[in-house]
2 protein chains.
Amino acid sequence: MTLKSITQEKIFAAATQAFEEKGFAGARMQEIAARAGINQALLHYYFRSKEKLFDAVFAALAATMFDKLFGCFSNDLPLERKLQMFYNEHISFLQEHPHLPTFVLNEINQNPQRLAKIFGAERIDLMVQNVFRQLDDEIQSGNIRPVDKTQLFINVIALSMFPFLARGVLEMLFQQNVNFNDVIERRKTELAQFIMNAVKNK
Amino acid sequence: MTLKSITQEKIFAAATQAFEEKGFAGARMQEIAARAGINQALLHYYFRSKEKLFDAVFAALAATMFDKLFGCFSNDLPLERKLQMFYNEHISFLQEHPHLPTFVLNEINQNPQRLAKIFGAERIDLMVQNVFRQLDDEIQSGNIRPVDKTQLFINVIALSMFPFLARGVLEMLFQQNVNFNDVIERRKTELAQFIMNAVKNK
DNA sequence: GTCTATAGAAGGATAGAC
DNA sequence: GTCTATCCTTCTATAGAC
């Protein structure tokens with residue numbers, strides 16, 4: 001997606017907000033037009049249909065999310081430092097885009113083939129294999145137990161993403177006792193240690 | 001909700017499926033009627049509106065989810081055994097209701113006050129405090145480090161729920177290499193050890 | 001490019017017969 | 001209780017003037 005005009009950018013920003021918050025089915029073209037300060041006709045002039053507008057937004061957001069996710073892993077630090085950096089960067093990123101995981105995960109669950117259109121299978125496999133290779137190195141060098149890499153990978157991202165997926169529930173469970181942002185903030189520094197304790201050789 | 005007639009049960013079952021899979025905004029009354037083998041008029045005869053039908057379904061599903069979640073913690077086993085039992089039971093439950101976490105979490109994020117209508121604040125606090133008290137005991141007796149109980153609680157449920165929230169993404173990331181159900185199955189036995197390693201005193 | 005006006009489709013809800 | 005037929009509102013999309 002290349003955004004050529006100011007109006008197009010405004011539409012795109014408005015659509016991003018609306019789709020992120022309410023999903024494809026819940027978002028309304030009228031609301032998007034209003035947020036962009038235009039009318040529906042102009043909306044359709046730029047993006048021919050709701051579906052096409054959604055595709056454009058989804059492609060951009062999914063790419064952002066996955067690039068950030070795997071980008072945080074692309075360095076040659078030892079695992080503990082890598083995790084510290086990952087959680088710090090990744091959670092900071094999610095704080096700025098709190099609806100992103102819910103949006104991307106839901107829409108992919110609704111329509112799995114959407115993702116394949118954006119990332120080729122090869123590119124995905126490359127990113128995952130890169131992470132796995134790094135974990136293999138750690139195992140080889142005896143820094144961590146010979147863990148199941150798939151499971152560990154899931155655990156690592158579960159711990160950063162889950163609170164954003166479950167925010168409403170968590171706020172209700174803990175009520176006035178705890179502040180959501182404080183809880184999130186602490187995770188930036190504590191999760192790396194949590195993981196390391198779980199997997200390191202003793 | 002007390003279901004008085006067969007038709008009412010069929011509607012309720014059909015609505016449960018539809019809402020779980022597509023959410024409130026995405027589900028269609030026509031589709032629910034069809035799945036229940038009736039027409040829309042009859043649907044409205046039993047449940048006056050989509051909103052009311054949704055409320056009934058949501059109340060039942062949210063109650064199911066939270067009862068199961070906290071129910072798995074209600075025993076006096078030592079932490080490691082408790083976690084083994086929790087993950088085994090909870091993940092088995094989620095395998096039977098794979099859409100439940102996505103549905104409940106999303107709808108609460110969309111509309112947080114819905115949950116308060118179902119569970120009173122006191123009841124919620126009681127369930128959480130009960131779990132926290134158990135963790136305090138473990139800390140007192142020196143079995144585990146003096147961890148942040150809120151964080152640990154989040155981590156424990158994140159690890160069982162996240163794969164179901166992210167199923168579409170995970171299936172794409174791992175593609176033909178891994179089978180989703182196999183991955184889930186292994187978590188029933190491995191997660192308790194993962195947590196214990198992370199938190200136990202050495 | 002942007003607007004007003006409106007067409008057209010889809011979805012939720014109701015009237016009334018049986 | 002259950003159906004057919006239909007209404008009404010909401011939403012997406014387009015026509016046509018400027």
Side-chain angles (χ1 to χ4, degrees), chain A residues 1-61 99 103 106-107 110-111 113-114 117, chain B residues 1-61 99 103 106-107 110-111 113-114 117:
Chain A
M1 264 295 300
T2 26
L3 299 174
K4 290 158 195 165
S5 77
I6 291 244
T7 303
Q8 204 170 6
E9 277 170 35
K10 278 194 204 154
I11 293 172
F12 197 82
T16 299
Q17 270 195 48
F19 285 132
E20 259 194 336
E21 287 172 19
K22 312 199 179 166
F24 178 78
R28 295 290 167 254
M29 293 295 266
Q30 171 48 39
E31 188 206 342
I32 293 172
R35 286 210 216 192
I38 57 164
N39 57 51
Q40 287 196 53
L42 201 52
L43 237 182
H44 283 83
Y45 172 80
Y46 280 98
F47 300 85
R48 296 179 51 79
S49 69
K50 185 183 182 183
E51 184 80 25
K52 287 199 191 351
L53 176 52
F54 179 85
D55 282 348
V57 169
F58 177 79
L61 292 187
H99 300 291
F103 171 73
N106 284 343
E107 298 297 341
Q110 284 299 317
N111 198 340
Q113 65 273 33
R114 251 199 260 270
K117 283 192 222 159
Chain B
M1 263 295 301
T2 27
L3 298 175
K4 291 158 194 164
S5 76
I6 291 245
T7 303
Q8 204 170 7
E9 277 171 35
K10 278 193 204 155
I11 293 173
F12 197 82
T16 299
Q17 271 195 48
F19 284 132
E20 259 193 337
E21 286 173 20
K22 313 200 178 165
F24 177 79
R28 295 289 167 252
M29 293 295 266
Q30 171 48 39
E31 188 206 341
I32 294 172
R35 286 210 216 192
I38 57 165
N39 56 51
Q40 286 196 54
L42 200 51
L43 236 183
H44 283 84
Y45 171 79
Y46 280 98
F47 300 86
R48 295 179 53 81
S49 69
K50 185 183 183 183
E51 184 80 26
K52 286 199 190 354
L53 176 53
F54 179 85
D55 283 348
V57 169
F58 177 78
L61 292 187
H99 300 292
F103 171 73
N106 284 342
E107 299 297 341
Q110 283 299 317
N111 198 341
Q113 65 273 33
R114 250 200 262 268
K117 284 192 221 160

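Scope of the values below: all heavy atoms of this structure, side chains included, with no hydrogens, waters or symmetry mates.
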Notebook entry, point to check: In B/S/- notation, 5' to 3', how is nucleotides 2-8 of chain D contacted by protein heavy atoms closer than 4.0 Å?
Noted result: BBB----
Notebook entry, point to check: With a 4.0 Å cut-off, would you call A:Arg28 and A:Glu21 a salt bridge?
Noted result: no
Notebook entry, point to check: Just how far, in rounded Å, is C1' of D:dT12 from CZ of A:Phe54?
Noted result: 16 Å
Note to self: For the backbone of A:Ala59 and the side chain of A:Lys117, can you confirm whether one donor and one acceptor N or O come within less than 3.5 Å of each other?
What the structure shows: no
Checklist line | Phosphate contact (D:dA13 OP1 or OP2) by A:His44 side-chain N/O below 4.0 Å | finding: yes
Checklist line | Sub-4.0 Å heavy-atom contacts from residues 19-33 of chain A onto DNA chain D, ordered by number | finding: A:Ala27, A:Arg28, A:Met29, A:Gln30
Checklist line | Sidechain-backbone polar pair: B:Lys52 side chain, B:Tyr46 backbone, donor-acceptor under 3.5 Å | finding: no
Next item on the list: Check the pair A:Val57, A:Phe54 against side chain to side chain contact (heavy atoms under 4.5 Å, CB included), reporting the backbone distance first and the verdict last.
Entry: CA-CA 5 Å; A:Val57 169; A:Phe54 179 85; 5.6 Å; no
Check: Is it true that a side-chain atom of A:Asp55 and a backbone atom of A:Phe58 form a donor plus acceptor pair closer than 3.5 Å?
Finding: no
Next item on the list: Could you walk me through whether A:Glu31 and A:Lys50 pass salt bridge (Lys or Arg N to Asp or Glu O under 4.0 Å), step by step?
Entry: CA-CA 12 Å; A:Glu31 188 206 342; A:Lys50 185 183 182 183; over 6 Å; no
Notebook entry, point to check: Do B:Leu61 and B:Glu107 have side-chain heavy atoms sitting under 4.5 Å apart?
Noted result: no
Atom pairs and distances, donor-acceptor, side-chain atoms in residues 6-20 of chain A, under 3.5 Å, two or more places apart:
unit_1  : atom_1 : unit_2  : atom_2 : d
A:Gln8  : OE1    : A:Lys4  : N      : 3.0
A:Thr16 : OG1    : A:Phe12 : O      : 2.7
A:Gln17 : OE1    : A:Arg35 : NH1    : 2.2

Item checked: Distance, rounded to the nearest Å, where A:Lys50 contributes NZ and D:dT12 contributes C1' -> 8 Å
Checklist line | Separation of atom CZ in B:Arg48 from atom P in C:dA13, rounded to whole Å | finding: 10 Å
